[in-house]
Number of protein chains: 2
Amino acid sequence: MAASTLAEVARLAGVSPATASRVLNGSARTPGPEIAERVKEAARSLGYIPNAQAQGLARSSSGLIGLVVHDIADPYFSTIARGVQSAAREHQKMVLLATTSGTPADEQAAVGAFAARRADSIVIVGSRSTRPQDAKDNQELAAELDRYCSNGGKVGIVGHPVVGASADGYHVVPVPNEELATELARALAAEHTAKFVIIAGPDGLLTSDDRIRGFQRGLLAAGLPEAEVIHTGFDRAGGYQAGLEIAGRIKSSQDPASNQPAACLFAVNDVMAIGAVAALREQGLSIPRDAAIAGFDDIETLRDFRPALTTVSLPLEDIGRLATLGSLGWSETDNAMPVTGVVTLRRSTETVPT
Amino acid sequence: MAASTLAEVARLAGVSPATASRVLNGSARTPGPEIAERVKEAARSLGYIPNAQAQGLARSSSGLIGLVVHDIADPYFSTIARGVQSAAREHQKMVLLATTSGTPADEQAAVGAFAARRADSIVIVGSRSTRPQDAKDNQELAAELDRYCSNGGKVGIVGHPVVGASADGYHVVPVPNEELATELARALAAEHTAKFVIIAGPDGLLTSDDRIRGFQRGLLAAGLPEAEVIHTGFDRAGGYQAGLEIAGRIKSSQDPASNQPAACLFAVNDVMAIGAVAALREQGLSIPRDAAIAGFDDIETLRDFRPALTTVSLPLEDIGRLATLGSLGWSETDNAMPVTGVVTLRRSTETVPT
DNA sequence: CTGTTAGCGCATTCAC
DNA sequence: GTGAATGCGCTAACAG
């Protein structure tokens, strides 16, 4: 048995569908003070639930927000998703979730699906890529987004605009990755003399590249040489792998007499940093005695790690909110408060181990 | 400018809307080998995107799966969500996300919204509550779900069935919380003589209660007395608070000469355990020297913690998948493989600290 | 203030 | 194999 319809409710209440519609939904003014009650009663007794599909079709607006992330199980994304969710809720919208593993092709498919569902807006999170092999897919993604926008859709983006996208309707929430990485480098350079090594994501991942660039800049500003960059996966596994390699080097060249860390590591995100720490420890090294290490993001779940991880705190939930509000055209009020982060020095980069 | 419609495509291709529909979607057989190409071309040149709302209305099936979680930023839920997402994807469905903070009233609202959107199925995750103050809301939630089911909806539930729900169409994925907690208790009892304390969620949270019950049973089976139970929040903050209290007790009654942990703690989930550990450490206590502690769930992000946390590994992603497949009526094949977990002893409960 | 008439965009009976 | 109607459930102009 299918759900009951507005028509049925109207008939039972002895009114026209239009009237029923008016009282059951937010029309200009609720009609007849007494007729209204009759309709409501009818709806209740029938267990009437408005068909959002039909509503959407009729008023051409779905009340849906599409959210595109690389991996919802990654704490970075899930925290942002929480922000998106809360903003959506405040605006009486539901969020449609799509995960893409970060591949532009999947992102394009997701955007297409959202467009098909006539999502009111789309929020895209996750680093853009400029790798050559992604060029074509990026272009198609951009085309898909442009088409969505030209059909009246709005999109909010965290970080960088989608490569090649040009149409109107984009609202990007800038994240000062580069600047913050510079600050972090400066802070570390002030206390560390060891060789700096950056554990980065694949070359061409914009977020990773930004953080690398900023960090190098900070080092230079402090009069230090550029850090070596190890490119690996942008996840824990990548950090772990890099950690193994670094551990090998440290062990084969460590000065036993030295009481200083042999290296100062900067992993471009916390999850990678944790992976690296795991590898270093497995190889018998100690943090921060043998190597100092810093991350980026300040993932909540990771704050209880010991040694506590030096990192750059980012207001992830707010970022999700801002991107969502922006995609909804509500940015004016919040635009005055741009996203900012703060360098958070903790135990993992202390120079005087207990 | 609105998106182009099927009718426009048909006109441009010089065919009827019906024909266009047949070729652009999976009708029985694609018509005219040559006419088909013409339609496709027309669609492409117009940037046609089928209106899923209209499709859904016409064929009354939305291709949507509703997912209800307490908090998408909680790693427990986000990992399950990943499983839901992947299963949904395999079945060409999109997932609608709703977060509820675990309150039955919000869950009811979410189910209502999903029903309005005519979601093909709904997946509910997160511990049920039997607390008296939730009784009324639980009943309304059950009614909402029953209504949804009687309208042809299917629902998949992780853990316990919703209190009071009776209609057909439910598929619950049982999680052997009690049995696994018993196993855990047995394993710990074999090596620990210290006083056992359970750090639990609010009284009436079914998942928490199950784990408590199972743990107590294991203790009894091992000939040990029942553990004391501290009820607190089902999250990190709760664990932290309980940790503070326990630390106070330990410090005021510790036998300095003893080399054994003063207590063996069981937090009913990993996140609480981590909170407790943080508190204990802040109070100057060491794990597992001063207190042993175990968690439950084996959250991936937490596996790199040191000391490594003894816990019960749960296949969270699979659980999400199973609940989803079940809600889609695809359970026959997978039903043969029930959810199971495994007690994972790690450093946090070792008896011989280095 | 209420009822009538049209679509919203598409899938699907039917005839041809 | 293809085209012409009809309806999915609802909203929004209209008219009354």
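Convention: sequence-line order gives letters A, B, ...; per-chain numbering from 1.
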Colleague: In whole Å, what is the span from the CD1 atom of B/Ile35 to the C1' atom of D/dT2?
Modeller: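 Whole-Å distance recorded here is 9 Å.
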
Colleague: For A/Ser121, enumerate each residue passing the side-chain hydrogen bond (donor to acceptor under 3.5 Å, both in side chains) test, keeping only those at least two apart in sequence or located in another chain.
Modeller: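 Counting only residues at least two positions away or on another chain, A/Ser121 forms a side-chain hydrogen bond (donor to acceptor under 3.5 Å, both in side chains) with A/Ser327.
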
Colleague: Any chance the side chains of A/Thr103 and A/Thr100 put a donor and an acceptor closer than 3.5 Å?
Modeller: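 Absent: no donor and acceptor within the cut-off.
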
Colleague: Run the side-chain contact (heavy atoms from CB on, under 4.5 Å) test against A/Glu144 and tell me which residues pass, sequence neighbours left out.
Modeller: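 A/Glu144 satisfies side-chain contact (heavy atoms from CB on, under 4.5 Å) with A/Gln108, A/Val111, A/Arg147, B/Ile49 once adjacent residues are dropped.
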
Colleague: How many whole angstroms separate atom CZ of B/Arg38 from atom C1' of D/dT2?
Modeller: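 Value for this atom pair: 12 Å.
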
Colleague: Using only heavy-atom distances, determine whether the side chains of A/Arg82 and B/Thr99 contain a donor-acceptor pair under 3.5 Å.
Modeller: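 There is no such pair (donor and acceptor under 3.5 Å, judged by atom type) between the side chains of A/Arg82 and B/Thr99.
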
Colleague: Determine all donor-acceptor pairs shorter than 3.5 Å in which one atom belongs to a side chain in residues 133-142 of chain A; sequence neighbours excluded.
Modeller:
residue, atom, partner, partner atom, Å
A/Asp134, OD2, A/Ser129, OG, 2.8
A/Asp134, OD2, A/Arg131, NE, 3.4
A/Asp134, OD2, A/Arg131, NH2, 3.3
A/Asn138, ND2, A/Ser129, O, 2.7
A/Asn138, ND2, A/Asp134, O, 3.4

Colleague: If the condition is ring-ring contact (aromatic ring centres under 6.0 Å, His included), which residues does B/Tyr148 pass it with, not counting sequence neighbours?
Modeller: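 Testing B/Tyr148 for ring-ring contact (aromatic ring centres under 6.0 Å, His included), a comparison that skips the adjacent residues, returns none.
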
Colleague: For a quick check, with a 4.0 angstrom heavy-atom cut-off, what is the B/S/- contact string for nucleotides 10-16 of chain C, read 5' to 3'?
Modeller: BSB----

Colleague: Out of curiosity, A/His91 NE2 to A/Thr324 OG1, how far, rounded to the nearest 0.5 Å?
Modeller: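 A/His91 atom NE2 to A/Thr324 atom OG1 measures 9.0 Å (nearest 0.5 Å).
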
Colleague: Evaluate B/Arg118 against B/Ser61 for side-chain hydrogen bond (donor to acceptor under 3.5 Å, both in side chains), listing each step before the verdict.
Modeller: CA-CA 7 Å; B/Arg118 298 302 186 265; B/Ser61 139; over 6 Å; no

Colleague: Expressed in angstrom and rounded to an integer, what is the separation of B/Asn151 atom CG from D/dG9 atom P?
Modeller: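 Rounded to whole Å, this separation is 11 Å.
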
Colleague: Bend angle of the helix from C/dC1-D/dG16 to C/dC16-D/dG1 from five-pair axes at both ends, rounded to 10°?
Modeller: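 One end's axis against the other's: 40°.
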
Colleague: Atom CD of A/Gln53 to atom C1' of C/dG9: distance rounded to whole Å?
Modeller: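 In whole Å, C/dG9 C1' and A/Gln53 CD are 12 Å from each other.
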
Colleague: Nearest-Å distance, CZ (A/Arg11) to P (D/dG9)?
Modeller: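 Atom CZ in A/Arg11 sits about 12 Å away from atom P in D/dG9.
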
